[in-house]
Amino acid sequence: MKRLLTVLLAAFMVLSLAACSDNGDSKGSAAEGKNTGEKKTIRGGIGLNDSHPQYLGLLKFKEIVEEKTNGDITVETYHSGQLGDDRTMTEALQLGSQEVTIPSTAPLANFVPEFSVFDFPFLFPSEEVADKVLDGEVGQKFLDKLDSQNLVGLAYWENGFRDVTNSKHAIATAADFKGLKLRTMENDLHLEAFRALGANPTPMAFTELFTAMQQKTVDGQENPLATIYLQKYYEVQSHVSNTHHIYSPFVFLMSKSFFDGLTEEQQKIVKDAAIEAGVYQRQLNREANEKYLTDLQEAGITYTEVTPEAREEMVKLVQPAIEKYTEKIGKETVQEVFDAIEAASK
Ligand code: KDG
């Protein structure tokens, strides 16, 4: 009997150990902050191509993470929607079948509706103010909301101020939007705002956009200059205007199940790396946006300046959309963002 008990106890201990090693990234080891020595892979995917600052930022993230974890974590990088568009990649993170993606806040608002506030037209007066608000307390509050969606928001990166392009005519004033078939990101507020400006907006995943413009399913689109130039939209578009109608942040997302399985030390490494690579990405993005206006014109696109008066008119036209979404998101939340912008603008 005693022997039988000893054998059973030994078998139980072997089974328990096996269970632990099967799940080397279990909560227990993560909480203790121990490095398990287990190799892990992060698949990071984005929609933009491999010449865009967003991809160069992702490569920087890879460099930092692989170096700081001594190769325990490998980062595989995918661009041009190789793993899907913003929405499908975010869903893959929720399911745990992909580890990292960096969507614009607009499609992310389909998961956490409050993110739409950052896409209010003409909200941020400058990139510097956006940095202060997003990297501050308010920005963090929004990242915390991702937890309920099985997502971890590690940092804000920059897509930037969006400008309109089209293949029909110059856009100088709001009246020029009339009837233009414009692709927008998959976000209701974007649709509503462009309807208010008189355009005929149609939501579409980024991965389908170039073909849609080429086949004239849409007349135009709106994106920051870096995207317009680097994705070669000048091949299928003839006009660009500095509408600067929305400042678009990117959110560096990680799958929550993957993040929870990391040791505390690894969690800190990926968080710090997302922030550090984001500083680098924002810098490259700003340099790119400055440079590409000239390059676009050299590539044959006509540039039209929107005067401050014409922009004022656009600001007025989108007010009802902003009011509607303020109600939807919640007045307090929106006010908090407005207050943070005001404080950061001083
Ligand atoms: O990698 C990011 C892109 O997928 C997307 O967010 C770019 O601004 C964008 C758009 O218009 O869809």
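Every number for a ligand or one of its atoms is a count from 1 in the order of the listing.
Considering backbone and side-chain atoms together, G47 places an N or O closer than 3.5 Å to an N or O of ligand 1. Distances between N or O atoms of P103 and those of ligand 1 include no value under 3.5 Å. At least one N/O-N/O distance between R162 and ligand 1 falls below 3.5 Å.
Listed by number with element, the atoms of ligand 1 under 4.0 Å from a non-hydrogen atom of M185 are 8 (O), 9 (C), 10 (C), 11 (O), 12 (O). Against a heavy-atom cut-off of under 4.0 Å, F250 is close to the following atoms of ligand 1: 2 (C), 6 (O). Counting atoms of ligand 1 from 1 in the listed order, those under 4.0 Å from a heavy atom of S104 are 5 (C), 6 (O), 8 (O), 9 (C). Taking a cut-off of under 4.0 Å to the non-hydrogen atoms of L48, the atoms of ligand 1 that pass are 1 (O), 2 (C).
Residue contact annotation: H52 has no non-hydrogen atom under 4.0 Å from ligand 1.
A 6.0 Å sphere centred on CD of E290 holds no more than 12 heavy atoms belonging to other residues, nucleotides or ligands. Around atom CD of E342, no more than 12 heavy atoms belonging to other residues, nucleotides or ligands sit under 6.0 Å away.
Here F118 and Y247 keep their ring centres 6.0 angstrom or further from each other.
A salt bridge does not link D119 to R162: none of the charged nitrogens lies less than 4.0 Å from a carboxylate oxygen. The pair E192-K324 meets the salt-bridge criterion, with a side-chain N (NZ, NE, NH1 or NH2) lying under 4.0 Å from an Asp/Glu carboxylate O. With respect to the salt-bridge test (charged N to carboxylate O, under 4.0 angstrom), the residues K40 and E99 do not qualify.
Summary of contacts: the protein heavy atom closest to atom 3 (C) of ligand 1 is D86 OD1, 3.6 Å. When only non-hydrogen protein atoms are considered, atom 7 (C) of ligand 1 lies nearest to F206 CD1, 3.9 Å.
Aromatic ring orientation, Y233 versus F210: tilted (interplanar angle from 30° to 60°).
Of the possible polar contacts, one joining the W157 side chain to the A274 backbone as a donor-acceptor pair under 3.5 Å is found.
Contacts between N159 and ligand 1 below 4.0 angstrom, taking non-hydrogen atoms only, involve the side chain exclusively.
Y156 is not connected to V100 by any chain of hydrophobic side-chain contacts under 4.5 Å among Ile, Leu, Val, Met, Phe, Trp and Tyr, and they are in different clusters.
The option with the heavy atom closest to atom 1 (O) of ligand 1, from among E208, Q54, E186, is Q54. For atom 11 (O) of ligand 1, the candidate residues are R183, R87, Q221; the nearest heavy-atom contact is made by R183.
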